[in-house]
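All chains are named by letter (A, B, ...) in the order of the sequence lines, taking the proteins before the strands, and each is independently numbered beginning at 1. This structure is a prediction, so every number in the text was calculated from the model and none was measured.
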Amino acid sequence: MIRTHDAGSLRATDAGATVTLAGWVARRRDHGGVIFVDLRDGSGVVQVVFREDMDAAHALRNEYCVKVVGEVNARPAGNENPELPTGAIEVIVSDLEVLSEAAPLPIPVDDDVNAGDDIRLRYRYLDLRRGGPAKALRLRSKASQIARTVLHERDFLEIETPTLTRSTPEGARDFLVPVRLQPGSWYALPQSPQLFKQLLMVGGMERYYQIARCYRDEDFRADRQPEFTQLDIEMSFVTQEDVIDLGEAIVRNLWKELAGHEIAGPIPHITYLDAMARYGSDKPDLRYGVELTELTDYLRGTEFRVFAGAIADGGYVGAVVMPGGAAQTRKELDGWQDWAKARGARGLAYVVLDAETGEPRGPVAKNLNEAHLSGLADAVGAKPGDAIFFAAAAERREAQELLGAARVEIARRANLIDESAWAFCWVVDAPMFEKTDDGGWTAVHHPFTSPNAEWLDTFESAPDRALAYAYDIVCNGNEIGGGSVRIHRGDVQSRVFDLLGISTEEAQDKFGFLLEAFKYGPPPHAGIAFGWDRVCMLLAGADSIREVIAFPKTRGGFDPLTSAPTPITAQQRKEAGVDAKPVAAAS
RNA sequence: GGUCCUGUGGAGCAGUUGGAGUGCUCGCCGCCCUGUCAAGGCGGAGGUCGCGGGUUCAAGUCCCGUCAGGACCGCCA
């Protein structure tokens with residue numbers, strides 16, 4: 001080792017020791033006759049003091065990489081720095097060696113200064129020298145280690161699966177890789193190891209996990225990158241409860257050790273239908289109330305066209321209350337209309353309750369009859385001074401989702417979110433299917449998800465109501481993991497394919513290998529996958545998963561550091577077979 | 001594909017109703033300085049106001065287009 005000690009580890013008890021340190025010049029304070037340098041390495045910072053060989057010390061600049069030999073001294077009385085863990089001591093330097101110099105820095109390596117995203121990513125290696133970004137990656141490493149510990153204690157096997165494969169039916173666009181040896185044929189990068197982990201169950205591995213890189217060619221968000229990581233888990237001979245127990249153990253340990261948060265009691269379960277009814281979301285943020293109220297029955301018979309139309313179509317009318325919302329200006333209330341239109345709604349009807357009298361006012365109030373108006377506040381649980389927002393649609397979910405989004409926005413604007421709180425829940429009993437635009441059905445989770453016991457024999461009779469053994473775990477309104485019990489019976493799988501309109505030929509073509517494997521005694525199995533970037537983001541208190549990824553991409557899929565993606569040469573293009581005609585027509 | 005925000009020395013930002021190539025903090029370079037810890041003092045360098053077009057007597061400022069970064073919707077578990 002080049003050094004004998006870690007800079008950040010030195011304490012008063014080390015006084016008198018001669019140490020060799022290696023690290024970077026974090027800051028220097030040049031007084032002419034004495035020079036102080038904050039020397040930083042992976043463990044922290046210590047003050048080193050130069051009193052001789054001043055020319056060399058004077059020439060030091062920020063982020064020079066240096067080695068120093070010196071003696072640890074207690075700082076002179078009154079000069080201790082209680083802000084620093086090493087603040088009781090300093091290292092009096094007897095020998096300085098510059099290991100490498102640093103050019104003037106394109107971004108400040110300083111915990112207190114945050115540069116823009118693109119320049120930070122372009123010089124990510126400098127960005128990572130800062131406390132925050134470094135801490136985020138260290139936390140991620142610990143999170144993975146904690147998960148591995150939990151899983152190994154339970155006899156799980158860590159198994160790698162291919163990243164050059166054929167596409168799995170997750171619904172997203174695939175990233176494709178041309179195949180030189182078979183021009184015209186392409187690999188897909190996996191959207192998840194879904195089918196492979198099921199094959200591992202058929203293979204008798206019984207308990208599998210993998211911290212798996214996944215790829216989806218869709219647009220970005222703050223919590224979405226084109227390549228991302230899942231903690232992927234699958235178990236044989238288990239029920240939904242077993243998987244939930246395991247998932248809970250992982251989450252419990254993570255939050256206890258990395259967030260200092262003890263999750264009290266079992267994580268509550270809420271059914272998908274309940275979550276939609278009460279929160280207008282399949283990933284409800286339970287840090288605050290502001291629940292939705294259904295008014296379909298209450299408002300039956302209204303002459304207000306918007307509501308009457310939805311009710312007549314067998315739809316839904318509902319409301320959500322904004323505490324104190326009556327104090328909003330006309331402009332703010334109009335702003336909600338723009339907000340609603342921005343997410344594709346026609347608008348957001350509202351009634352405000354006068355702060356003094358509780359009298360309902362606003363454009364919608366004029367359209368409601370006396371009976372509906374007088375009982376409204378009680379029906380939705382509103383007080384004088386509140387605002388009531390309404391949504392109505394023939395499609396229940398559409399209206400609920402608008403109210404759910406409004407609920408989140410209300411909490412934000414009215415400052416109802418306790419940022420220090422952690423609120424978890426399992427959303428269970430997810431629907432199996434949802435309607436497609438062309439009138440067919442598509443799997444909500446994926447086509448291998450098992451109907452629950454109640455619907456196993458009858459899901460075809462009411463696909464819109466059929467429920468699955470599918471579950472998501474939600475933290476503060478973020479879906480951090482999800483999974484399901486898989487279908488292991490060929491007959492059930494065939495019926496699901498039939499309902500989804502997937503022909504035998506098509507099924508055979510897309511995942512015949514899985515169906516074939518399922519001929520040979522597949523065990524009942526179930527699993528879960530955690531969005532590892534999101535989990536780490538939450539634990540790190542970051543507001544983007546980019547903060548917990550070593551080298552993330554920008555929104556356009558661009559890596560400012562390497563400038564990827566790049567065009568390829570004509571030679572590469574020819575060799576890759578990008579332009580080759582496929583041998584057989586794709587289905 | 002759509003809506004919105006941002007773009008001004010190396011970094012972060014300010015720049016009024018359009019009015020002289022504008023400024024602040026940090027950094028950088030030089031000098032001074034023996035107890036600082038965001039050290040301090042003096043001096044200095046550094047700019048195509050993202051790019052292109054338009055309106056105007058006059059554009060960092062207004063309009064159109066475009067590029068880049070970000071937030072959201074669509075999309076995506």
Say you pick atom [atom1] in [N] and the same atom in [M]; how far apart are they, in whole Å?
N	M	atom1	value
B/rG47	B/rG10	P	7 Å
B/rC29	B/rU34	C1'	24 Å
B/rG53	B/rC67	C1'	15 Å
B/rA14	B/rC31	P	35 Å
B/rG9	B/rC49	P	9 Å
B/rU16	B/rG12	C1'	22 Å
B/rC4	B/rU17	C1'	25 Å
B/rC63	B/rA59	C1'	11 Å

Please determine whether a side-chain nitrogen of the Lys or Arg among A/D334 and A/R330 lies less than 4.0 Å from a carboxylate oxygen of the Asp or Glu. yes
Salt bridge or not between A/D223 and A/R534? Use side-chain N to carboxylate O under 4.0 Å. yes
Quick one: list whatever passes side-chain hydrogen bond (donor to acceptor under 3.5 Å, both in side chains) with A/R40, sequence neighbours left out. A/E63
Provide, to the nearest angstrom, the distance between the [atom1] atom belonging to [X] and the [atom2] atom belonging to [N].
X	N	atom1	atom2	value
A/F448	B/rA77	CZ	P	14 Å
A/Y123	B/rA11	OH	C1'	11 Å
A/Q225	B/rA77	CD	C1'	16 Å
A/D117	B/rA11	CG	C1'	14 Å
A/H58	B/rC28	NE2	P	12 Å
A/Y64	B/rC28	OH	C1'	12 Å
A/R224	B/rA77	CZ	C1'	9 Å
A/K283	B/rC76	NZ	C1'	10 Å

On RNA chain B, compare the nucleotides closest to A/N62 and A/Q47; which residue's is nearer the 5' end? A/N62
Residue closer to the 5' end of RNA chain B, A/N114 versus A/G557 (nearest nucleotide): A/N114
Between A/R555 and B/rC5, does any side-chain N or O lie under 4.0 Å from OP1 or OP2? no
Under 4.0 Å between a side-chain N/O of A/R221 and OP1 or OP2 of B/rG74, yes or no? no
Using a heavy-atom cut-off of under 4.0 Å over every strand shown, decide if A/D118 touches base, sugar-phosphate, or nothing. sugar-phosphate
Is the distance between the ring centroids of [X] and [Y] less than 6.0 Å?
X	Y	value
A/F36	A/H31	yes
A/F228	A/W532	no
A/F389	A/W336	yes

For A/R140 and A/T229, which I'm curious about, is there any donor-acceptor pair between the side chains at under 3.5 Å? yes
According to the Watson-Crick and G-U wobble definitions, with both distances under 3.5 Å, which nucleotide is paired to [N]?
N	result
B/rA39	none
B/rC62	B/rG54
B/rG27	none
B/rC75	none
B/rC4	B/rG70

Given the structure, check if the side chain of [X] and the base of [N] hold any donor-acceptor pair shorter than 3.5 Å.
X	N	value
A/D219	B/rG74	yes
A/R61	B/rC29	no
A/H445	B/rA77	yes

When you measure from the side chain of A/S43 to the backbone N and O of A/G8, does any donor-acceptor pair fall under 3.5 Å? yes
Nearest listed nucleotide, side chain of A/Q191, among B/rC75, B/rC37, B/rA77: B/rA77
Residues in contact with RNA chain B, drawn from residues 21-34 of chain A - heavy-atom cutoff 4.0 Å: A/R27, A/R28, A/R29, A/D30, A/H31, A/G32, A/G33, A/V34
Listed by chain and number, what are the salt bridge (Lys or Arg N to Asp or Glu O under 4.0 Å) partners of A/E241, not counting sequence neighbours? none
